[in-house]
There are 2 protein chains.
Amino acid sequence: MKRNTWQREAVREALVTADGFVSAQSLHSTLRDGGSPIGLATVYRALSDLTDGGEADSLQSMEGEALYRACTSGGHHHHLICRNCGLTVEIEADAVETWATSVAAANGFTQPQHIVDVFGLCAACSRAAAEQ
Amino acid sequence: MKRNTWQREAVREALVTADGFVSAQSLHSTLRDGGSPIGLATVYRALSDLTDGGEADSLQSMEGEALYRACTSGGHHHHLICRNCGLTVEIEADAVETWATSVAAANGFTQPQHIVDVFGLCAACSRAAAEQ
DNA sequence: GCGCAGTTGAGAATGATTGTCAAAATCAGC
DNA sequence: GCTGATTTTGACAATCATTCTCAACTGCGC
C-alpha cells in the first residue's frame, strides 16, 4: 500500500517550486531551511518514487551528481541546462530520437536507450560572464 | 615536466587492450591481476591525464560510474555501448552536433557542450537474451 | 481506539573518487 | 655511471553522494 505523508508531499512541492534541476542534497537543505525536519534518506526515497512514477525526471550532471526536476510533460524529452544557474529548457528532440533508434539498429543493437542532454550558459549568464 | 613511468604506460596499454569502456576500478584490478602492483590512485591519475591529453575518452555509465576508453580518432564523436558486454561502437553524429548547437543558440545559450550516448544490447547479447 | 504494514530518520555502511605525504623513481647534467 | 632536484607513486585517510539498517512512528482500515 502507498501512504500519503507530508514528507512525500513536501518533496514533490519543493521539486515543483524549484526552477531548474536540483540535486537531492540541495533539495534536502532547502527543505530543512524551510523548517521541515525531513531526513536525507527520505528525500532520496521520495525522489526515486517520483521518478519511478514518471512524475519527476532525473539526469546526471557533468560533475556526476544526480539532478532531479518535476516533469511537466509526461512524455519523453530532453534538456538544455545552464551550467551556471541551473535554468532548464525542455527540448523536443524527435530528430535525435529517430537518429538514436536508427543508428542503434544499423549496428545490430536492440533496446536502445539514450542519454542526450545539452549543457551551456543561458543568455543571462553568458552576458554576466562577458562583462567580467 | 612530464615523466614516463611504466605505470602510466601500463594504464595506457591496458586501456588500449580493453575492448569496450572500462571503469577505473576494473582497470585497476585487471592490472593487479596481470602482475602489476600499481596503486588505485595512480590509475585514476593516469586516466585523468590521458583524458586531459585527448588520448582517452570518458563517460558516465547509467549506474554512475566513470568509464574510460582509448580514443581511436582524435576528433569528437559519440558512442553506442552494449549495456551487457560493454562492446562499444564509435558513431559519427554530425546531425546531432549541429542539432545541439542550433537548439542551444535558439534558446540563447552559449558554449554548448553535450552528452549524447546510446546504450543498448548488441546483436550477440540480444540473441543470447532472446534464447533464455 | 487498535493493530499493523508501510514509512521515517539518524547514523552506519558503501563505493567511487580525490587528497596527503613520505618514500621511491626519473631525468638532466656532469 | 652518479648526483641531486623534482616528479610520481602508493598506502591510507578523507570526502561525497547515495543506500542500507532498524527501531520508532504513523496513516489507514476496522
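To find a chain, count down the sequence lines: A is the first, B the second, and so on, and within it residues start at 1. All values reported here derive from a predicted model rather than from experimental measurement.
Distances from the side chain of A:Tyr44 to the nucleotides D:dG10, D:dT18, C:dC27 place D:dT18 closest.
In this structure, A:Glu13 places its CD atom where only 12 or fewer heavy-atom neighbours from other residues, nucleotides or ligands lie under 6.0 Å away.
Computed from coordinates, the A:Leu31 CG to C:dG9 P distance equals 10 Å when rounded to whole Å. In this structure, A:Leu40 places its CG atom 8 Å from C1' of D:dT18, rounding to the nearest Å. The distance from atom CZ of B:Phe21 to atom P of C:dA16 is 18 Å, rounded to the nearest whole Å. Put simply, NE2 on B:His28 is 11 Å from C1' on D:dA11, counting in whole angstrom units.
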Can you check nucleotides 19-24 of chain C for protein contacts, nitrogen or oxygen pairs under 3.5 Å, and list what you find?
none

Using atom names, set out every protein N or O paired with an N or O of nucleotides 3-6 of chain D below 3.5 Å, distance rounded to 0.1 Å.
residue	atom	partner	partner atom	Å
D:dT6	O2	B:Arg3	NH1	2.8
D:dT6	O2	B:Arg3	NH2	2.7

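Under the salt bridge (Lys or Arg N to Asp or Glu O under 4.0 Å) criterion, no residue pair touches residues 30-47 of chain B, with sequence neighbours excluded. Within the structure, salt bridge (Lys or Arg N to Asp or Glu O under 4.0 Å) contacts touching residues 94-123 of chain A (residues at least two apart or in different chains) do not occur. Every pair tested for ring pair (Phe, Tyr, Trp, His ring centres under 6.0 Å) that includes a residue from residues 26-55 of chain B fails, sequence neighbours excluded, so the list is empty.
Contacts between residues 6-13 of chain A and DNA chain D, counted as heavy-atom distances below 4.0 Å, involve no residue at all.
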